[in-house]
2 protein chains.
Amino acid sequence: MNELEKYIQTYFGVDKDDLTKISSFFYPITLKKGDYFLKKGMYADRLGFVQSGILREFVFVEDREVTKWISTKGYFVVDLSSFVFQQTARWNIQALTDCELYVIDRKDYQKIGQVIPRWTELEKLFIAKCFTVLEDRVLQHLSMTAEERYLQLFNFNRELFNLVPLQYLASMLGMTPETLSRLRKKMVN
Amino acid sequence: MNELEKYIQTYFGVDKDDLTKISSFFYPITLKKGDYFLKKGMYADRLGFVQSGILREFVFVEDREVTKWISTKGYFVVDLSSFVFQQTARWNIQALTDCELYVIDRKDYQKIGQVIPRWTELEKLFIAKCFTVLEDRVLQHLSMTAEERYLQLFNFNRELFNLVPLQYLASMLGMTPETLSRLRKKMVN
DNA sequence: TAAACTTCTTGATTTTTGTCAAGAGCAAGC
DNA sequence: GCTTGCTCTTGACAAAAATCAAGAAGTTTA
């Protein structure tokens with residue numbers, strides 16, 4: 001059983017037979033560092049599962065890049081609004097390192113519901129879970145200082161700081177690279 | 001056709017027969033100013049639709065109230081994580097004014113799927129839409145100053161500033177009441 | 001109506017965070 | 001090995017926002 005199947009089993013509680021059916025829709029691709037999985041303005045016609053490597057979701061706001069999320073092994077990468085509503089993508093998704101992804105095309109994704117009747121329900125639960133994660137994130141910005149947000153991420157996912165250029169983490173945390181640099185220094189001392 | 005039915009028709013595209021079936025599950029309640037629709041730590045066993053009045057969703061963070069959202073006419077009020085996953089509620093939902101709500105109990109809500117086969121799909125789409133709204137909100141905090149966030153809300157929903165104590169709007173915008181007060185003064189001049 | 005609250009504003013000050021500029025450290029490619 | 005970028009850090013300073021304290025304005029309650 002590969003990582004994708006493990007993940008789907010863990011989060012969706014699908015049994016082995018169905019797992020095989022689902023994962024057979026996926027196919028592997030690789031991305032080189034710097035490649036785009038999705039560009040803002042395009043249509044997200046596929047969903048990716050990160051087998052290895054790191055990607056970041058970002059957008060330009062007045063010529064400045066704002067990173068919304070960093071995806072590592074075990075994450076799905078997609079622009080949900082584009083994939084679900086067939087609108088143009090709001091986010092760029094770019095490989096920060098060479099990546100291996102398992103990818104499913106939108107038209108195949110829609111077949112899953114025919115294979116697994118409960119799929120729409122599982123999707124709903126998954127998206128609801130994602131919603132609560134974003135709720136927490138909003139709350140963090142409403143109630144925490146830059147320092148507290150940094151500490152929270154650092155304690156939750158320490159290795160990220162060794163894998164990802166700090167400027168992107170700073171942006172994801174809602175602060176400048178300089179501020180992050182100073183917070184890190186402060187914590188060491 | 002009442003407000004609830006109009007809303008469901010607009011956002012879910014359900015036809016008239018089904019609409020009547022769905023809305024028959026709802027029953028009206030009233031809340032007095034200050035009453036709680038939901039308290040953190042309880043289980044959200046019902047979903048409300050705001051017919052009139054204003055409610056706010058908030059939580060205490062270190063003895064300080066943090067307001068996540070203000071719900072007015074036409075909004076659903078619920079703690080999604082509690083309603084969907086039957087966990088304890090993460091948010092308090094309190095009436096800021098006397099309110100009229102249409103409410104559906106969780107066990108009745110689950111019957112909608114039997115009446116309308118496509119319901120789970122519609123739910124999924126609705127939650128996905130809510131997800132994108134939160135995505136925007138996170139982006140606002142990553143890329144905008146307090147002043148810009150204030151202006152955005154003010155331009156989007158001006159009347160809110162006449163209906164809701166400003167301290168709650170300040171909290172929802174991620175700033176102190178003093179800062180909001182000064183921004184408002186600055187804009188008038 | 002007066003007292004008691006609550007809410008909002010204002011001023012003074014401090015803290016936090018951003019901006020700008022320079023340079024250090026490193027890695028990739030020629 | 002040497003250049004060329006890229007990333008990160010640091011310092012000086014500016015701007016933004018928070019805190020603290022006081023008081024004004026408006027509402028509710030007795």
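In what follows, every chain begins at residue 1, and chains take the letters A, B, ... in the order their sequences are listed.
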Distance under 6.0 Å and angle within 45° of ring axis: A:Lys129 vs A:Phe126: no
Residue pair A:Lys40 / A:Asp79, side-chain heavy-atom distance below 4.5 Å: no
Is the shortest heavy-atom distance from the side chain of B:Glu3 to the side chain of B:Tyr102 under 4.5 Å? no
For the pair made of [atom1] in [X] and [atom2] in [N], what is the distance, rounded to whole Å?
| X | N | atom1 | atom2 | answer |
| --- | --- | --- | --- | --- |
| A:Glu148 | C:dT16 | CD | P | 10 Å |
| A:Arg149 | C:dT17 | CZ | C1' | 10 Å |
| B:Arg64 | D:dC20 | CZ | P | 11 Å |
| A:Glu147 | D:dA17 | CD | P | 19 Å |
| A:Lys186 | D:dT9 | NZ | C1' | 17 Å |
| B:Tyr150 | D:dA17 | OH | P | 14 Å |
| A:Leu169 | D:dT9 | CG | P | 11 Å |
| A:Leu173 | C:dG18 | CG | P | 11 Å |

When you measure from the side-chain N and O atoms of [X] to the phosphate of [N], is any distance below 4.0 Å, counting only OP1 and OP2?
| X | N | result |
| --- | --- | --- |
| B:Arg184 | C:dT9 | yes |
| A:Thr179 | C:dG18 | yes |
| A:Lys185 | D:dT9 | no |
| B:Thr176 | D:dA18 | yes |

Can you identify which nucleotide, out of [options], has its nearest atom closest to the [X] side chain?
| X | options | value |
| --- | --- | --- |
| B:Leu166 | D:dT7, D:dA17, C:dC8 | C:dC8 |
| B:Gln167 | C:dG18, D:dT7, C:dT7 | C:dT7 |
| B:Arg182 | C:dC8, C:dG18, C:dT10 | C:dT10 |

Decide yes or no, distance alone: a donor-acceptor N/O pair under 3.5 angstrom between the base of C:dC8 and the side-chain of B:Glu178. no
Would you say the side-chain atoms of A:Gln87 and A:Ser82 include a donor-acceptor pair closer than 3.5 Å? no
Would you call A:Glu121 and B:Lys124 a salt bridge, taking side-chain N to carboxylate O under 4.0 Å as the test? no
Regarding A:Pro165, tell me which of base, sugar-phosphate or nothing describes its non-hydrogen contacts under 4.0 Å with the strands shown. sugar-phosphate
